[in-house]
Amino acid sequence: MAIVASAPGKVLMTGGYLILERPNPGLVLSTNARFYAIIKPIHHQIHPNSWSWAWTDVKLTSPQLSRESMYKLALKNLTLQPVSSSEARNPFVEYAVQYSVAAAYATFDDNKKDLLHKLLLQGLDITILGCNDFYSYRNEIERHGFPLTPESLARISPFAPITFNSDDANGRDSKPEVAKTGLGSSAAMTTAVVAALLHYLDVVKLSPSKVHQERKDIADLDTVHKIAQTAHCIAQGKVGSGFDVSSAVYGSHRYVRFSPEVISSTQVAANLLPLPEVITDILNGNWDHDRTEFSLPPLMTLLLGEPGTGGSSTPSMVGAVKKWQKSDPEKSLDTWRRLSEANSALEVQLNFLSNLAKEQWDAYKSVIESCSILRSDKWIEQASEPSKEAVIKALLGAKDAMLGIRYHMRLMGEAAGVPIEPESQTQLLDATMNLEGVLLAGVPGAGGFDAVFAVTLGDSGRNVTKIWSSSNVLALLVKEDPCGVSLESADPRTNEITSAVSSIHIE
């Protein structure tokens, strides 16, 4: 019986750079782009002499990379060794496997450990799949002569192979092209593998529900979060803010990071203590992150665009900002304070709009529909009654706050000498914010050349994608989906067969 779990990618709408330091919050939106992990046994029966075996098999398959790797998992110390020294390594999945199995050993009594041992002796067959939105398929679209539109992206077969660049004409030294769209593929992949394994090993019982309010498995999600955060940080070699893993687990929310000490101690202890003891400390640690419910107000749509101007290195940009903070603490503190105030102002206005939608739906819906076909300088003319005026003022307040965020992000980039909002992005975002029905536009996360986002009212997003296409920006198929990690009913490839009939097949 295969277990399938999925976890979403993310867009950090506010909190870039600030979110690295407590208690600064960030608004992170989870998306409909999901990573899937499929877990099943390799052997359906245990060999009669296998009970005394000290190791078991682990097979990792990544169809999009045409890659299959075999490992041996030592059941005593939980080390994971590739069978072939030439195997390409995936540290995110490797640590996800080790820490998930360790979590089972750490939490089970002797009877359940016997059952666990038998289950592990059947081997672990792990398949990972990422939605196309995590990767750039711009080259394929251009090669087929299609326009840079979401419709063209939709023609690419689901879970399409990631193309390979060749260093020479014979194809030697081929490496996968890892042009990504900045949705947090490693965090979503790690979370999906951890969630699927913990459910398969009976450590947690995940909910199949995609409706956040119906979920009864919050304690189990907390367990997934702790193991996934730890595996992701150790695989990265550093303790990051963790917002990407948090949104992969819990979905859209307002996030304040955990204290790094809760994981950094693990890096030391892992060399001295048995792994289940280390994981016990992790599970019982002081996870002091803050998570508050948040998602976009109704009738608003998240759009993400790929400018195609080359990626940016987030670690080097973060390093430059930290260096600037040390060299000019007074100015940097003032910039951070003003940026934080603008972030808070946007959060307040969006929450106010969500409340207005609940309390005065008819007025709210009417305003959104009328403003969706007008530029923002015409919105105030729709304030024909107090309830509508309140909605319009909140919309304009959100737009002003976004302009403030962009202004202070640019100042920070100029002072630190890094392109947080490059000139090319500034021109594009200014033009986007002047379009009919556009509420917000900005650079997500740490900024740079990777992506742009917009939040639109009603059906106005179609106009944005057209304008972006004419500016050589490819609007992705990504939308906000507030749901976090989830148990799936089947292999996602079986669900996609009918939709892929008329799609482009990429070799």
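Bear in mind the structure is a predicted one, so any value in this text is a computation, not a measurement.
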Spatial distance of atom [atom1] ([X]) from atom [atom2] ([Y]) [nearest 0.5 Å]:
X: Ile234; Y: Ile263; atom1: CD1; atom2: CD1; result: 7.0 Å
X: Asn32; Y: Leu477; atom1: CG; atom2: CG; result: 8.0 Å
X: Leu75; Y: Leu73; atom1: CG; atom2: CG; result: 5.5 Å
X: Ser295; Y: Leu302; atom1: OG; atom2: CG; result: 11.5 Å
X: Leu474; Y: Ser152; atom1: CG; atom2: OG; result: 8.0 Å

Heavy-atom pair with the smallest gap, counting every atom of [X] and [Y]:
X: Ala451; Y: Val443; result: O-CG1, 3.9 Å
X: Ala231; Y: Thr190; result: CB-CG2, 4.0 Å
X: Phe453; Y: Leu429; result: O-CD2, 4.3 Å

Within the side chain of [X], is there an N or O that forms a donor-acceptor pair under 3.5 Å with the backbone of [Y]?
X: Thr494; Y: Ala490; value: no
X: Asp450; Y: Gly182; value: no
X: Tyr105; Y: Ser100; value: no
X: Glu369; Y: Gly458; value: no
X: Tyr255; Y: Ser241; value: yes
X: Asp220; Y: Lys205; value: yes
X: Trp287; Y: Ile282; value: yes
X: His144; Y: Glu140; value: yes
X: Ser460; Y: Thr456; value: no

Has [X] got more than 12 heavy atoms of other residues, nucleotides or ligands less than 6.0 Å from its [atom1]?
X: Arg89; atom1: CZ; value: yes
X: Asn77; atom1: CG; value: yes
X: Lys479; atom1: NZ; value: yes

When Thr301, Val473, Leu435 are each screened for side-chain contact (heavy atoms from CB on, under 4.5 Å) with Val464, the one that passes is Leu435
Requested in this report: Please step through salt bridge (charged side-chain N to carboxylate O under 4.0 Å, His left out) for the pair Arg34 and Asp133, ending with a clear verdict.
Outcome: CA-CA 9 Å; Arg34 301 181 80 87; Asp133 297 291; over 6 Å; no
Non-hydrogen side-chain atoms of [X] and [Y] separated by less than 4.5 Å:
X: Phe92; Y: Ile128; value: no
X: Thr191; Y: Asp244; value: no
X: Leu304; Y: Val452; value: no
X: Leu148; Y: Arg138; value: yes
X: Arg493; Y: Thr127; value: yes
X: Ile3; Y: Leu206; value: no
X: Ile279; Y: Tyr99; value: yes
X: Val58; Y: Leu80; value: yes

Paired with Phe134, the ring pair (Phe, Tyr, Trp, His ring centres under 6.0 Å) test is passed by just one of Phe159, Tyr36, Phe35, namely Phe35
Note: Asp290-Arg257 ion pair, threshold 4.0 Å (strictly below): no
Practice problem: Step by step, work out the side-chain contact (heavy atoms from CB on, under 4.5 Å) result for Lys365 and Ile368. | Solution: CA-CA 5 Å; Lys365 182 172 181 285; Ile368 298 297; 5.9 Å; no
No-hydrogen, no-angle side-chain donor-acceptor test under 3.5 Å, [X] and [Y]:
X: Lys10; Y: Ser30; result: no
X: Tyr71; Y: Glu94; result: yes
X: His253; Y: Ser246; result: yes
X: Thr31; Y: Glu480; result: no
X: Trp468; Y: Thr149; result: no

**Study point:** Test log, rule side-chain contact (heavy atoms from CB on, under 4.5 Å), inputs Phe294 and Met13
**Key:** CA-CA 12 Å; Phe294 176 85; Met13 194 165 65; 4.2 Å; yes
Decide yes or no on side-chain hydrogen bond (donor to acceptor under 3.5 Å, both in side chains) for Ser136 and Glu306, but give the supporting numbers first.
CA-CA 8 Å; Ser136 172; Glu306 180 195 340; 2.6 Å; yes
_Steps toward side-chain contact (heavy atoms from CB on, under 4.5 Å) verdict (Leu201, Leu120)_ = CA-CA 9 Å; Leu201 299 175; Leu120 289 174; 4.0 Å; yes
* With a distance cut-off below 6.0 Å to the six-membered ring centre and an angular limit of 45° from the axis, does Arg155 pair with Phe146 as a cation-pi contact? -> yes
A cation-pi test, strictly: NZ or CZ of Arg291 under 6.0 Å from the centre of the six-membered ring of Tyr250 and no more than 45 degrees from its axis. Yes or no? yes
| Do Lys72 and Asp57 pass the salt bridge (charged side-chain N to carboxylate O under 4.0 Å, His left out) test, and can you show the C-alpha distance, the side-chain angles, and the key distance before you say yes or no? | CA-CA 5 Å; Lys72 294 292 185 184; Asp57 297 316; 2.5 Å; yes
Report task. Mind telling me whether Phe258 and His225 have parallel, tilted or perpendicular rings, with 30° and 60° as the class edges? Result -> perpendicular
